[in-house]
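Below is one structure, written out as C-alpha cells; comments come after it.
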There are 2 protein chains.
Amino acid sequence: MRHDGRLSRMLHVLLHMEEQKRPMTSDEIAGMLGTNPALVRRTLAGLREGGYVVSERGHGGGWMLGKPLSEMTLRDVYDAVGAPEIFALGLADDQPQCLVEQAVNMALRQSLDEAKALLLRRFAEIRVSDLRDDFAARAAALGIIPGMSCADA
Amino acid sequence: MRHDGRLSRMLHVLLHMEEQKRPMTSDEIAGMLGTNPALVRRTLAGLREGGYVVSERGHGGGWMLGKPLSEMTLRDVYDAVGAPEIFALGLADDQPQCLVEQAVNMALRQSLDEAKALLLRRFAEIRVSDLRDDFAARAAALGIIPGMSCADA
DNA sequence: CCGTTTCGTAACTTATCAAGTTTCAAATAA
DNA sequence: TTATTTGAAACTTGATAAGTTACGAAACGG
Ligand code: FES
Ligand code: FES
C-alpha cells in the first residue's frame, strides 16, 4: 500500500530548520526533500496553524521555527499534519448488518485501537529536540561534524 | 488512504463457513461479502496453503474449513492472507544519506515497531473461535438466534 | 463420453488518494 | 516598479487493493 510520509518529512524539515538561522524558502526545502515547493507549502501550512513554524512572504521570506524544538512532540507534529490515518489494515465495512461481521470488527477495532494508543503515547513522549540530540550524539561518536549532509541541498 | 480489508473479510468468511456444514462456493461467499468470486478465490488461496481451509472443484465443490476455528489465531489468518502492510504511516525514504533524516527514521521505526509488535501479539492471543463465542454470547443476551443475518445472503 | 459445476489463474480495468504539477494572485522588500 | 516568495486552487500522476473478464482444468452426473 502507498504510505503517508507527511510526518516523516515534516520532522526532517523541522530539524534542518533549526540549524539554519535564516528563513528557508519552500524551494530550498523542496530540494532538500526531493519534492516540490507546492507540497512543502501545503504540508507546512498545518504546522503554521499550530504555531510550530512561521512563514513570511516576499524578499528574504520563507519558513522559520515558531517555537523551540523542545516544545514540540512527535504527537504535536502528527496532529499538525492532519492526524493522518495510521493503519493500512482496515475493516471491510464499518457498519455491517451482519452480526458475525460486527464481531470481527469489534475484535479488530479493539486491537487496532490499543496499538494506536500505544503509538500516540510514544509520540507524545518524544520531543523533536530529542531527535536532534540523539543525532548529534551519534554524529559526535562517529567523529562527524553535524550539519547538512544531503547531496541535493 | 485506501485500506486493506483482507484480514477482516477472511475472518468473516471463516465464521460463516463454520455455520454451514456443506461446502460454500466462491459465488456464495462473494455475494455475502458484497464482492466477486475471483477475489474470494484469490484471497482464500492463501488460507488454503496454511491448511485453514480446503477447496474442492466440480459439482458440489466449494470451500470448507480445514481445521477447527479454535486452532487458528488472528495472527495465523493475518499471515495466511500475505501479512499485509500494517501501517499507512511511512518513511519518506528508507535509506537516506541525510543523517538528520536517519535520526527521524530511527525514532519513527522504533515507535512503529513497538506498535506492530503489540498488535501482532494481540492477534496471536485471539483465536478465531473466540470471535464466534463472543458473538454467540452477545446474540444470546439480546435474544437473537444466531445465524446468517445478511440481506445479501 | 458429454455437459455442468466449480475452482485456478492470469490479464486487464477501476477507484482512491497522497504526491506531484501548474498557475496566478497577493504580499513584501529592494 | 520589479524580483521574490508565500497562498491557494485546480489539475495530473503513480501506486495498488479491489473489481472484472476470460478461459482452462478438474470433478461429477447422467
Ligand atoms: S535533506 Fe537532510 S541533509 Fe539535505
Ligand atoms: S454476510 Fe455475514 S450474514 Fe450475510
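What you are looking at is a predicted structure, and each value in this text was computed from that prediction instead of being measured.
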B:Q110 side-chain N/O to B:A107 backbone N/O, donor-acceptor pair under 3.5 Å: no
Protein-nucleotide distance (A:I29, atom CD1; D:dG7, atom P), rounded to Å: 11 Å
Atom-pair distance (CG on A:L89; P on D:dA18), nearest Å: 10 Å
C:dT5 OP1/OP2 closer than 4.0 Å to side-chain N/O of B:T25: no
Base versus backbone protein contacts along nucleotides 20-30 of chain D [heavy-atom cut-off under 4.0 Å; B, S, -]: BB---BSBBS-
B:H3 side chain to A:L91 backbone, donor-acceptor under 3.5 Å: yes
B:L33 CG to D:dG19 C1', straight-line distance once rounded to whole Å: 13 Å
Any side-chain heavy-atom pair of B:N105 and B:D94 under 4.5 Å: no
DNA chain C contacts among residues 46-54 of chain A, heavy-atom distance under 4.0 Å: none
Atom pair CE/CG of B:M17 and B:L47 - distance to nearest 0.5 Å: 7.5 Å
Separation of atom CG in A:L91 from atom C1' in D:dA17, rounded to whole Å: 15 Å
Side-chain cluster (under 4.5 Å, hydrophobic types only) that B:V54 belongs to, other residues: B:M64
Protein-nucleotide distance (A:D27, atom CG; D:dG7, atom P), rounded to Å: 13 Å
Nucleotide C:dC17, atom P - distance to CG of B:D4 in whole Å: 15 Å
Heavy-atom side-chain proximity of A:L108 to B:L74 below 4.5 angstrom: yes
Sequence neighbours excluded, every pair satisfying side-chain hydrogen bond (donor to acceptor under 3.5 Å, both in side chains) that has a member inside residues 123-137 of chain A: A:E18-A:R132, A:R122-A:E125, A:R127-A:D130
Residue list, side chain to side chain donor-acceptor pair (under 3.5 Å) with A:Q102, at least two apart or on another chain: none
Distance below 4.0 Å between A:S55 side-chain N/O and D:dG7 OP1 or OP2: yes
B:H3 NE2 - C:dA15 C1' separation (whole Å): 13 Å
side-chain hydrogen bond (donor to acceptor under 3.5 Å, both in side chains) contacts in which one or both residues fall within residues 52-62 of chain B, not counting sequence neighbours: B:R48-B:S55
Euclidean distance, atom CE of residue B:M24 to atom P of C:dT5 [Å, nearest integer]: 19 Å
